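So the structure is just underneath, and the comments pick up after that.
In this text the structure is predicted, and so the values were computed from the model without any measurement.
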Amino acid sequence: MKLRMNLRRKCLIQFSGGGERLRDTLNSILDLSNLESSKTDMLFEIGDLNRIANKVYDEYKDAAEAVGLQLGIELCETPVSALIDDKLLLQVVKNLVNNAIKYTDQGFVKIVTTIVGTGKQKMASIKVIDSGIGISETKLDQVFEPFRQVSEGAGRKYEGAGLGLTIARNLLN
């Protein structure tokens, strides 16, 4: 009797994770469809990149810790303001951090905000840096194509639909 209960519990946990992946994949497909059909409205306002970085950090720190990674954040000491669409930039940074966590087996993922340049030539920057597997230059274009990954097929090591970087690139174009 005890063995059956444990098996049921394990199946429920696996189903729950599969359900979340399916939901995330469907949401990504809808996002990509909206982007490709130009149905995504953009509202540009002055926004703070430090606030966005903190929001993503708070959302993903437990996920990184759960797989043995250190999620770090390095914020510029001064406010990093830029003309952005808050919602869309937040989605881009989330996709990048999610990918970094997914494709980093050990080490770290870090979100960094900076101001680059001097005088009137200043630019705000937000980066996601990781100690992951990297992407060879020959495969760089491939990872931005919908439903494509560097490692494909039944024997691939990493899960995912191959939409995160595609959506991030389309949002930034």
With rounding to the nearest 0.5 angstrom, report the CD1 to CG distance, I111 to N54.
8.5 Å
Apart from F108 itself, its cluster of hydrophobic side chains linked below 4.5 Å comprises V112, I129
So, using side chain to side chain donor-acceptor pair (under 3.5 Å) as the criterion, who are the partners of K61 when residues are at least two apart?
none
Stepwise, does the side-chain contact (heavy atoms from CB on, under 4.5 Å) test hold for T104 with V67?
CA-CA 9 Å; T104 302; V67 294; over 6 Å; no
Counting distance only, does the side-chain N/O of S131 pair as donor-acceptor with the main-chain N or O of Q106 below 3.5 Å?
yes
Can you name the residues that form a salt bridge (charged side-chain N to carboxylate O under 4.0 Å, His left out) with E59, not counting sequence neighbours?
K94
Got a sec, which pairs hit salt bridge (Lys or Arg N to Asp or Glu O under 4.0 Å) with one end in residues 115-130, sequence neighbours left out?
none
Taking the side chain as every heavy atom from C-beta outward, state whether I84 and I52 have any pair of such atoms under 4.5 Å apart.
yes
S125 and V116: which non-hydrogen atoms are nearest, and at how many Å?
CB-CG2, 4.3 Å
Treating Ile, Leu, Val, Met, Phe, Trp and Tyr as nodes and any side-chain heavy-atom pair under 4.5 angstrom as an edge, say whether L83 and L88 lie in one connected cluster.
yes
Distance, nearest 0.5 Å, that separates CG of D105 from CD1 of I101
13.0 Å
Holding to side chain to side chain donor-acceptor pair (under 3.5 Å), I want the full list of residues that pass it with N50, two or more places apart in sequence or in another chain.
T113
Would you be so kind as to tabulate the donor-acceptor pairs closer than 3.5 Å made by side chains of residues 72-80, with sequence neighbours excluded?
from, atom 1, to, atom 2, distance (Å)
E74, OE1, K110, NZ, 3.3

Side chain to side chain donor-acceptor pair (under 3.5 Å) filter on Q70, not counting sequence neighbours, yields none
State the OH-CG distance between Y60 and N98, to the nearest 0.5 angstrom.
4.5 Å
